[in-house]
Number of protein chains: 4
Amino acid sequence: MIIRLDLQSEVPIYTQLKHTIIEGIAAKELAPGEALPSVRAMAADLGVNMHTVNKAYQALKQDGFIHIHRQKGVVVNPDGMPPNDDVFVERVQSDLRPLVTEAVCRGMSSEQFLQFCSELFAEFKE
Amino acid sequence: MIIRLDLQSEVPIYTQLKHTIIEGIAAKELAPGEALPSVRAMAADLGVNMHTVNKAYQALKQDGFIHIHRQKGVVVNPDGMPPNDDVFVERVQSDLRPLVTEAVCRGMSSEQFLQFCSELFAEFKE
Amino acid sequence: MIIRLDLQSEVPIYTQLKHTIIEGIAAKELAPGEALPSVRAMAADLGVNMHTVNKAYQALKQDGFIHIHRQKGVVVNPDGMPPNDDVFVERVQSDLRPLVTEAVCRGMSSEQFLQFCSELFAEFKE
Amino acid sequence: MIIRLDLQSEVPIYTQLKHTIIEGIAAKELAPGEALPSVRAMAADLGVNMHTVNKAYQALKQDGFIHIHRQKGVVVNPDGMPPNDDVFVERVQSDLRPLVTEAVCRGMSSEQFLQFCSELFAEFKE
DNA sequence: GTGGTCTAGACCACG
DNA sequence: GTGGTCTAGACCACG
């Protein structure tokens, strides 16, 4: 799994890393139960600090995407992913809102917007 | 136009304000050429720091949503909205990506996701 | 509010700080809406690192005991405390279990144990 | 005696093992003088590291719950359990304190809390 | 070896 | 000024 970070981005490195790992799971490059590099190994790989990786891992653990075992190290949650619950639905809706309103202002059609969404789903849903 | 800010949100207040104003334009509550309250007045209204309002206004000006005149004050861009250009398209796609990948992981169907997008467009496109 | 930390303790400093703040709320020394010292001020007061205080604050925020505002700084949750929910009930039960089993082994009577609990409640419930 | 470990728990495995063995003694599943599996056998049974079992056993020996003989192996202390001394009383009180203060904050009644304690004692005191 | 905790110190976004 | 992020480096508990 190739991880590319944009150190110049507004998006914090740990958030980028979190997103990339979730993307890796969505793309089935990372299977449930599969091990992730240790905090130190990942940090060395990416050339970032251990704590930055740890922050991403803790956030992923908090959300239920990964488990952090004392023994096995870090693994993708073998019991499946966190659910499509109300909290997530609300987050999707509130994250979409400013994107859609700006699209409306700029004259991007709903068709084009939906097309982008569909293409992304197609990229991950085999 | 009623502006509700969530002071506990992770989203910076100036970003929330920017989003709300863009939403106001999308909803046609704010028409091109229409005046917005001065930085000072808006700050007093919302009970937030003048710096915060100023930052939101500057960002909106930068993106072409509003004009800031010394005399006429702040107005919604009378010449129309900024375009649906490549930069925006790329931003939409890169903002949608982490949302869609997490949706895929959590088992939210593309149909449900697209439905949310459609509903948002329906809310603003009369 | 006087905070005493035991730097030699097995209990991490940030956990001790978390406990002390919860105790301060239980003792009504800290009222809902009341401000706590900033991360830096608290760290300077206690002679510990900013990050250690921040970790305690983040944990308290996560559990709903405090709010961290960009503007007002850190305040005791003005909307009241987190609820006595199932998760807490289970935590109480699972934390009590090893304590009670060892008490049984050592011949501490349930009367004495309950007495200790009652005294603690009496100390905080006015 | 069935030992269930939660490998995902925050509680160290050796602590969980220690707790379980003390619980076994409290439940009279393990009688004074009764043999426990060797470090090696226990580790194999539980699928954990020998170091982990050894650490639990050493801690139990330190506290006076078990004896470790070169020849006879590991046995529950035949001379009875460690006493209900001041050190234990202080530990009970200091362990109860953060639990009770959080219960007070969350609005758990002392009655409910005491009830949980009583139920646990009832489970072990026949 | 691995994650957890802690420190010291820096820069930046936010207000 | 305040919290958020990030780095570099250290020690320790756990396994």
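Numbered from 1 within each chain, the chains take letters A, B, ... in sequence-line order.
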Undergrad: Take atom NE2 of H51(A) and atom P of dA8(F), then tell me their distance rounded to the nearest Å.
TA: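 In whole Å, dA8(F) P lies 12 Å from H51(A) NE2.
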
Undergrad: Mark yes or no for whether Q8(D), through its side chain, and I68(A), through its backbone, hold a donor-acceptor pair below 3.5 Å.
TA: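 Flag not set: sc Q8(D) to bb I68(A) has no pair under 3.5 Å.
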
Undergrad: Whether the side chain of E23(D) engages the backbone of T20(D) through a donor-acceptor N/O pair (distance < 3.5 Å, no angle test) should be reported.
TA: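 Answer holds: no.
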
Undergrad: Without decimals, in angstroms, what is the distance between Q58(C) CD and dT5(F) C1'?
TA: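 Taking CD of Q58(C) and C1' of dT5(F), I get 12 Å after rounding.
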
Undergrad: Please state whether the phosphate of dG1(E), meaning OP1 or OP2, lies under 4.0 angstrom from any side-chain nitrogen or oxygen of S38(A).
TA: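 Negative; the distance criterion is not met.
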
Undergrad: For N49(D) and dG1(E), give me the distance from atom CG to atom P, rounded to whole Å.
TA: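 In whole Å, dG1(E) P lies 14 Å from N49(D) CG.
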
Undergrad: Name every residue in residues 2-13 of chain C that has at least one heavy atom under 4.0 Å from any atom of DNA chain F, in order of residue number, or write none if there are no such residues.
TA: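 Hits under 4.0 Å, by residue number: none.
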
Undergrad: Inspect the surroundings of CZ in R40(B) and state if more than 12 heavy atoms from other residues, nucleotides or ligands are less than 6.0 Å away.
TA: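 No, CZ of R40(B) has 12 or fewer neighbouring heavy atoms, counting only those of other groups under 6.0 Å.
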
Undergrad: Return the 5'-most residue of the pair V39(C), T15(D) with respect to DNA chain F, ranking by each residue's nearest nucleotide.
TA: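 Looking at the nearest nucleotide for each, V39(C) comes out on the 5' side.
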
Undergrad: In whole Å, I'd like the distance from the OH atom of Y14(A) to the P atom of dC12(E).
TA: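 Rounded to the whole Å, the gap is 18 Å.
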
Undergrad: For DNA chain E, whose closest nucleotide is more 5', that of Y57(A) or that of T52(B)?
TA: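 Upstream on the strand: Y57(A).
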
Undergrad: Give a yes/no on whether any side-chain N or O of N54(C) is located under 4.0 angstrom from OP1 or OP2 of dG4(F).
TA: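 N54(C) to dG4(F) OP1/OP2: side-chain N or O found under 4.0 Å.
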
Undergrad: Please give, in whole Å, the distance from dG3(F) C1' to H67(C) NE2?
TA: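 The answer, rounded to whole Å, is 16 Å.
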
Undergrad: Below 3.5 Å, does any donor atom in the side chain of R40(C) face an acceptor in the base of dG1(F), or the other way round?
TA: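 Donor-acceptor pair under 3.5 Å: no.
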
Undergrad: Watson-Crick or G-U wobble partner for dC14(F), using a 3.5 Å limit on both distances?
TA: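 Matched dC14(F) with dG1(E) under the 3.5 Å cut-off.
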
Undergrad: Could you tell me whether E10(D) and K61(A) make a salt bridge, using a distance below 4.0 angstrom between a side-chain N and a carboxylate O?
TA: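 Answer for the salt bridge query: yes.
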
Undergrad: Roughly, in whole Å, what's the span from NZ in K55(D) to P in dA13(F)?
TA: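 Nearest whole value for this atom pair: 7 Å.
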
Undergrad: How many whole angstroms separate atom CE of M50(C) from atom P of dC12(E)?
TA: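 Spelled out: CE on M50(C) to P on dC12(E) is 15 Å.
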
Undergrad: How about F65(A) and R106(B): do any of their side-chain heavy atoms sit closer than 4.5 Å?
TA: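 Yes, their side chains come closer than 4.5 Å.
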
Undergrad: Search all heavy atoms of V48(D) against all heavy atoms of I13(D) and return the closest pair with its distance.
TA: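 So the minimum-distance heavy-atom pair works out to CG1-CG2, 4.2 Å.
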
Undergrad: To the nearest Å, how far apart are H69(C) NE2 and dG4(F) C1'?
TA: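 My rounded result for the distance is 17 Å.
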
Undergrad: Between I21(C) and L17(C), is there a side-chain heavy-atom distance shorter than 4.5 Å?
TA: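 L17(C) reaches I21(C) side chain to side chain.
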
Undergrad: At 4.0 Å (heavy atoms only), tell me whether V48(B) reaches a base, stays on the sugar-phosphate, or touches nothing.
TA: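 The answer is nothing, as V48(B) stays clear of every strand by at least 4.0 Å.
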
